[in-house]
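Below: the structure, in structure tokens.
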Amino acid sequence: QITLKESGPTLVKPTQTLTLTCTFSGFSLSTSEVGVGWIRQPPGKALECLALIYWDDDKRYSPSLKSRLTITKDTSKNLVVLTMTNMDPVDTATYFCARGLSGEPYYFDYWGQGTLVTVSS
Amino acid sequence: QFVLTQPPSVSGAPGQRVTISCTGSSSNIGAGYDVHWYQQLPGTAPKLLIYGNINRPSGVPDRFSGSKSGTSASLAIAWLQTEDEADYYCQSHDSSLSGSDVVFGGGTKLTVL
């Protein structure tokens, strides 16, 4: 059974750094052609892929947010961490992590339930 | 704003067939990249509906089908049911967006009348 779960603060202040952890089970990020992505969704708005880390530690970032994002993985602990610096109220959103599978491009077949992060002073 | 354009909303009556389009360009769908589709019921995480343009994951009813032609893709839902009321998103890749491997469309809200 494959599961993913996001964890982190529900409230952050403007200019602070957000750190989110995706803890997963049922698969390994050391398996070829597997990845984990972070996708966010502001209230009432569309999905936006923030970052994707692959089994070989290759990383991809949203061009518009690249300077603020870092994605890392700990294969032994089955977790992926996303950090986003200089948070702003416009970053208020539900943040999802999801397992990616090989495709052109990768697709996300299992998703976490999401965690709502509010940016406010 | 979105490199993949979807209609904001579509509607249909139970039993009818609806299609949702995902229009791209020569740097994404037209370049041969796959299109994937997701269904998001209110208050829940997205669910993979179609991958690789036409493939359904196990458990997805065959009422849902995907197609791709040129610079566009479509999701068709046959025999519409009330539980199909949700937001639908297409996803692909755009080679003009350096560094990013994944782009989503703006989403389409399906209303079952």
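Below, chain A is the first sequence line, B the second, and so on; all start at residue 1.
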Is B:Q6 in contact with chain A via its backbone, its side chain, both, or neither, using a 4.5 Å heavy-atom distance?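 B:Q6 has no heavy atom closer than 4.5 Å to chain A.
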
Measure B:P46 against the heavy atoms of chain A and call it side chain, backbone, both or neither at under 4.5 Å.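 Contact with chain A involves both backbone and side-chain atoms of B:P46.
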
Check for me, please, whether [X] and [Y] land in the same ILVMFWY cluster - side-chain distances under 4.5 Å, paths through other members count.
X: B:Y89; Y: A:L101; value: yes
X: A:F96; Y: A:L79; value: no
X: B:V10; Y: B:I50; value: yes
X: A:L65; Y: A:L52; value: yes
X: B:L97; Y: B:L4; value: yes

Any chance you could measure B:Q91, atom CD, to A:L47, atom CG, to the nearest 0.5 Å?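 Nearest 0.5 Å value for the CD-CG distance: 9.5 Å.
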
Nearest 0.5 Å please: distance from the CZ atom of A:R99 over to the CG atom of B:L48.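 Going from the CZ atom of A:R99 to the CG atom of B:L48 covers 10.5 Å.
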
Nearest heavy atoms of [X] and [Y], plus distance in Å:
X: A:Y107; Y: B:H36; result: CB-CD2, 3.3 Å
X: B:G105; Y: A:A46; result: O-CB, 4.1 Å
X: B:A45; Y: A:G112; result: CB-O, 3.2 Å

Within a 6.0 Å radius of atom NZ on A:K66, are there more than 12 heavy atoms belonging to other residues, nucleotides or ligands?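 12 or below, so no.
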
Counting neighbours of NZ on B:K109 that are heavy atoms of other residues, nucleotides or ligands and sit closer than 6.0 Å, is the number greater than 12? yes

Heavy-atom distance under 4.5 Å to chain B: side chain of A:K45, backbone, both or neither?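 It is the backbone, since no side chain atom gets that close.
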
Residues from residues 16-35 of chain B approaching chain A under 4.5 Å (heavy atoms):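 Residues in range: B:Y33, B:D34.
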
Between B:Y38 and A:F108 (side chain of the first, backbone of the second, donor and acceptor by atom type, cut-off under 3.5 Å), is there such a pair? yes

Residues of residues 25-43 of chain A with any heavy atom under 4.5 Å of a heavy atom in chain B: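 Against chain B, the residues of residues 25-43 of chain A that fall inside the cut-off (heavy atoms, under 4.5 Å) are A:I39, A:Q41.
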
